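Here the structure is laid out as structure tokens; the discussion comes afterwards.
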Amino acid sequence: MTKHIFITGGVVSSLGKGLTSAAIGMILERRGLRVSMQKLDPYINVDPGTMSPFQHGEVYVTDDGAETDLDLGHYERFTNTRLTKASNFTTGKIYSSVIEKERRGDYLGKTVQVIPHITDALKEAIREGVTDPDVDVAITEIGGTIGDIESLPFVEAIRQFALERPRGDVMFIHLTLLPYLRASGELKTKPTQQSVGKLREIGIQPDVLICRTEVPMTEEMGQKISLFCNVRPECVIEERDVDFSIYEVPIDLVNSGLDRIVCERLKLPFEDDTPFGDWTAMIERIRSIEHKVEIGIVGKYVELHDAYKSIYEALSHAGVAHDVDIELRKISAETLTDEAKTAEVLEGVHGVLVPGGFGERGLEGKMRAIRWARETGVPFFGICLGMQCAVIEYARNVLGLAGANTLELAPDSPHPVISLMDDQEGVPKGGTMRLGAYECRMESDTLAHELYGEEIVFERHRHRYEFNSAYRDVVAASEMALSGAGPGRDLVEIVEIPDHPFFIGVQFHPEFKSKPLAPQPVFDGFVRAARDRMRGDVPRRANDGGRPLEGVR
């Protein structure tokens with residue numbers, strides 16, 4: 001029977017529950033266990049798909065087309081778990097399903113209440129989150145902060161869930177904060193005590209406390225927290241801020257004995273040390289990096305780091321593979337008001353990346369950045385809207401199609417090189433875009449084919465607009481190659497300029513497939529080209545410059 005770990009957070013939000021959950025999942029996988037991961041979010045939106053990135057960071061997309069919380073990106077980067085639509089539930093999704101049942105008459109005239117109907121739906125969602133029958137441990141992260149009114153039904157549901165399972169099948173881990181007062185040089189435990197007190201009022205006694213802290217926690221402080229929170233001393237775990245990489249977290253948790261504690265609490269075998277040889281080697285490789293590559297990120301949401309979280313992580317993975325530290329120059333596309341300003345702002349970068357997005361704001365600035373990269377030979381990588389902007393810029397300034405644009409923003413454009421898919425006409429917003437993994441077939445003798453090393457790949461999508469097939473012939477007759485397309489509807493997926501050192505745009509979101517020990521191929525090639533430019537080398541098209549990571553699986 002599957003064991004369950006529930007991870008909650010206290011004192012403040014943004015403590016890193018998602019990262020900690022992912023690290024625990026990775027630790028258990030390294031011990032040979034099959035793991036599933038799930039996030040329960042208390043907000044009323046059905047999913048984050050219609051939320052502004054400024055509100056909630058990036059929207060992470062799974063293979064089956066779920067628009068989910070960005071924490072699921074941590075889960076996939078750290079573990080090999082299969083994430084699905086059942087891996088992320090919100091208050092909105094749960095209430096929608098309960099109300100739908102009530103309207104159908106499924107409750108046979110009963111009064112529908114939070115307890116038992118909402119909590120029953122939440123427990124069913126937890127069971128659905130166990131994505132495969134042979135999963136050994138299911139890890140469920142509860143979003144929000146203990147004490148929030150929104151999360152009360154979720155916390156009640158996991159209390160009931162534990163009560164209904166055999167002893168030893170469920171454990172609770174609570175992540176909390178030890179604030180450091182610089183004026184007095186003290187760590188304070190009172191917020192942690194109060195947070196655990198809130199949990200215990202609801203009926204949950206945490207088995208493990210993981211304490212986020214800036215400075216080392218003394219043994220005396222651990223004893224105090226143990227006493228006042230009713231948690232065994234060895235189960236009070238310090239999670240100090242890492243020195244330079246989030247990928248240190250799993251090793252730090254193992255060094256604190258968390259792997260042994262979890263296995264003992266859930267009655268799982270624990271005989272040998274958790275193997276981390278390849279991961280430790282990667283950390284040491286990161287420590288030894290001496291050179292920097294500067295990448296210009298020209299986007300709409302650059303003020304919030306989490307808006308492009310997976311892109312930044314994918315760049316860092318490729319940086320490790322090529323022994324360079326990625327330095328981000330975040331550029332608001334709106335500030336690139338003319339060619340002179342664009343050249344001034346981008347001067348000195350070793351590569352330009354234009355990420356996805358929606359809406360008109362900053363669109364012209366993105367195209368100015370793309371033109372600058374195309375004309376100066378600086379490596380360029382466009383993702384989703386970034387690829388569409390590359391097509392529009394090329395159509396205007398190379399093909400001479402004056403007024404070329406996307407129908408999303410210019411419905412009267414004389415040359416709509418980017419158009420709405422037929423099946424998207426009149427479709428309401430919210431979970432209705434082209435979502436999830438789709439097949440892409442590469443043309444031979446192209447940069448895309450060289451980077452991937454195979455003819456067919458599956459990459460994840462999140463968009464409504466596509467390259468307009470009416471312009472295929474005119475573009476294909478130029479120096480821009482249409483190097484990847486989806487079979488069936490023959491939708492253009494990849495464009496590139498072969499005579500450029502590195503110029504590629506992809507309609508999909510490759511950042512969702514990158515892992516620390518296995519960089520995504522397009523990101524890998526882009527960072528290699530940027531590294532070559534930094535060195536002053538003549539960039540080569542083939543992906544031949546990265547030293548392979550040991551232990552890649």
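If you're wondering where the values come from, they're calculated on a predicted model, not measured in any experiment.
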Query raised in the report: Does a side chain donor of either Lys330 or His305 reach within less than 3.5 Å of an acceptor in the other side chain?
Result: yes
**Report entry** Side-chain donor/acceptor of Gln205 to backbone N/O of Asn230, under 3.5 Å
**Finding:** yes
Requested in this report: Scan side-chain atoms only and decide if Gln38 and Ser87 contain a donor-acceptor pair under the 3.5 Å cut-off.
Outcome: no
Query raised in the report: So with a 6.0 Å cut-off around CD of Glu219, is the heavy-atom count from everything else above 12?
Result: no
Query raised in the report: Checking Asp69 side chain against Asp71 main chain: does a donor-acceptor pair fall under 3.5 Å?
Result: yes
**Report entry** Distance under 6.0 Å and angle within 45° of ring axis: Lys110 vs Tyr107
**Finding:** no
**Report entry** Minimum heavy-atom distance between Val59 and Phe512, given as atom pair plus value
**Finding:** O-CZ, 3.5 Å
Query raised in the report: Between Tyr312 and Tyr308, what is the ring plane arrangement, given parallel below 30°, perpendicular above 60°, and tilted in between?
Result: perpendicular
Query raised in the report: Should Glu264 and Arg260 count as an ion pair when the cut-off is N to O under 4.0 Å?
Result: yes
Query raised in the report: If only atom types and distance count, is the side chain of Trp279 paired as donor or acceptor with the main-chain N or O of Pro250 below 3.5 Å?
Result: no
Query - For the student: nearest non-hydrogen atoms of Ile289 and Asp325, plus distance - result: CG2-N, 3.3 Å
Query raised in the report: Do side-chain atoms of Lys513 reach the backbone of Phe458 as a donor and acceptor pair under 3.5 angstrom?
Result: yes
Requested in this report: Mind running side chain to side chain contact (heavy atoms under 4.5 Å, CB included) on Thr145 and Leu15 for me, showing each step along the way?
Outcome: CA-CA 10 Å; Thr145 306; Leu15 274 181; over 6 Å; no
**Report entry** Parallel, tilted or perpendicular: ring planes of Phe508 versus Tyr452, cut at 30 and 60 degrees
**Finding:** perpendicular
Query raised in the report: Is the side chain of Glu248 donor-acceptor paired with the backbone N or O of Phe244 at a distance under 3.5 Å, no angle test?
Result: yes
**Report entry** Step-by-step side chain to side chain donor-acceptor pair (under 3.5 Å) determination, Thr274 to Arg30
**Finding:** CA-CA 6 Å; Thr274 304; Arg30 291 284 174 134; over 6 Å; no
Requested in this report: Could you check His317 against Tyr247 for ring pair (Phe, Tyr, Trp, His ring centres under 6.0 Å), going step by step and ending with a plain yes or no?
Outcome: CA-CA 11 Å; His317 302 161; Tyr247 299 114; 5.7 Å; yes
Query - Glu141 bridged to Lys39 by N-O distance under 4.0 Å - result: yes
Requested in this report: Would you kindly say whether Ser310 and Glu58 are connected by a side-chain donor-acceptor distance under 3.5 Å?
Outcome: yes
Requested in this report: Would you kindly say whether Tyr60 and His509 are connected by a side-chain donor-acceptor distance under 3.5 Å?
Outcome: no
Requested in this report: Start with the C-alpha gap between Ile126 and Leu40, add the side-chain angles, then the distance that decides, and say whether side chain to side chain contact (heavy atoms under 4.5 Å, CB included) holds.
Outcome: CA-CA 9 Å; Ile126 292 167; Leu40 302 182; 4.0 Å; yes
Query raised in the report: Does atom CZ of Arg232 have more than 12 heavy-atom neighbours, drawn from other residues, nucleotides or ligands, at distances under 6.0 Å?
Result: no
Query raised in the report: Does the distance from a Lys or Arg side-chain N to an Asp or Glu carboxylate O, for Asp134 and Arg34, drop under 4.0 Å?
Result: yes
Report task. Count the heavy atoms belonging to other residues, nucleotides or ligands that lie under 6.0 Å from CD1 of Ile44, then report whether that count exceeds 12. Result -> no
**Report entry** Option from Glu76, Glu511, Glu493, Glu67 for which salt bridge (charged side-chain N to carboxylate O under 4.0 Å, His left out) with Arg460 holds
**Finding:** Glu76
Query raised in the report: So, Asn88 versus Asp41: side-chain donor-acceptor pair below 3.5 Å or not?
Result: yes
Query raised in the report: Of all heavy-atom pairs between Asp207 and Cys235, which one has the smallest distance, and what is that distance?
Result: O-CB, 3.3 Å
Query raised in the report: Take atom NZ in Lys123; do more than 12 heavy atoms of anything else shown fall under 6.0 Å from it?
Result: yes
Query raised in the report: Does a side-chain N-to-carboxylate-O contact under 4.0 Å join Arg182 and Glu214?
Result: yes
Report task. Let me see the working for Phe276 and Ile27 under side chain to side chain contact (heavy atoms under 4.5 Å, CB included), right down to the final yes or no. Result -> CA-CA 9 Å; Phe276 265 99; Ile27 290 168; 4.0 Å; yes
Query raised in the report: If you measure from SG on Cys211 to CE on Met217, what distance do you get to the nearest 0.5 Å?
Result: 5.0 Å
Report task. Please determine, by modelled atom types, if Arg82 and Thr131 share a side-chain donor-acceptor pair under 3.5 angstrom. Result -> no
Report task. Run the salt-bridge test on Asp169 and Lys3 with the 4.0 Å N-O cut-off and return the result as yes or no. Result -> yes
Report task. Verify the neighbour count for atom CG of Leu181: are there more than 12 heavy atoms of other residues, nucleotides or ligands below 6.0 Å? Result -> yes
Query raised in the report: What distance separates Tyr438 OH from Asp63 CG, expressed to the nearest 0.5 Å?
Result: 11.5 Å
Query raised in the report: Do Glu186 and Ser184 meet the criterion of a side-chain donor-acceptor pair at a distance under 3.5 Å?
Result: yes
Query raised in the report: Do the non-hydrogen side-chain atoms of Asp136 and Thr2 ever get within less than 4.5 Å of each other?
Result: no
Report task. Determine, for Glu100 against Arg103, whether the closest basic-nitrogen to carboxylate-oxygen distance falls under 4.0 angstrom. Result -> no
Requested in this report: Identify the two heavy atoms, one from Leu122 and one from Ala157, that lie closest to each other, and give their separation to 0.1 Å.
Outcome: CB-CB, 3.7 Å
Query raised in the report: Do side-chain atoms of Arg462 reach the backbone of Val61 as a donor and acceptor pair under 3.5 angstrom?
Result: no
Report task. Look only at the side chain of Ser36 and the backbone of Val135, and say whether a donor-acceptor pair between them is shorter than 3.5 Å. Result -> no
**Report entry** Passing candidate, side-chain hydrogen bond (donor to acceptor under 3.5 Å, both in side chains) with Arg212, options Thr192, Asp241, Thr176
**Finding:** Asp241
Query raised in the report: So how far is it from Ile311 CD1 to Gln520 CD, rounded to the nearest 0.5 Å?
Result: 11.0 Å
Report task. Using the side chain to side chain donor-acceptor pair (under 3.5 Å) rule, take Ser514 and Glu313 through it: C-alpha gap first, then chi angles, then the decisive distance, then the call. Result -> CA-CA 8 Å; Ser514 187; Glu313 291 304 312; over 6 Å; no
Query - Under 3.5 Å donor-acceptor, Thr90 side chain and Val46 backbone - result: yes
Query raised in the report: Are there more than 12 heavy atoms of other residues, nucleotides or ligands under 6.0 Å from atom CG of Asp273?
Result: no
Query raised in the report: Between the side chains of Ser195 and His174, does any donor sit under 3.5 Å from an acceptor?
Result: yes
Query raised in the report: Are the side chain of Thr119 and the backbone of Ile115 linked by a donor-acceptor contact shorter than 3.5 Å?
Result: no
Report task. Please lay out, stage by stage, how Ile142 and Ile158 fare under the test side chain to side chain contact (heavy atoms under 4.5 Å, CB included). Result -> CA-CA 9 Å; Ile142 309 299; Ile158 63 175; 4.0 Å; yes
Report task. Give, for atom OG of Ser21 and atom CD1 of Ile139, the distance between the pair rounded to the nearest 0.5 Å. Result -> 7.0 Å
Query - Residues, nucleotides or ligands: over 12 heavy atoms within 6.0 Å of Glu454 CD - result: yes
Report task. To the nearest 0.5 angstrom, please state how far the CG atom of Leu420 sits from the NE2 atom of His463. Result -> 11.5 Å
Query - Test item: side-chain donor near acceptor, Gln160 and Glu164, under 3.5 Å - result: no
**Report entry** Ser256 (side chain) donor-acceptor with Leu258 (main chain) under 3.5 angstrom
**Finding:** no
Query - Distance (rounded to the nearest 0.5 Å) between Thr62 OG1 and Lys85 NZ - result: 7.5 Å
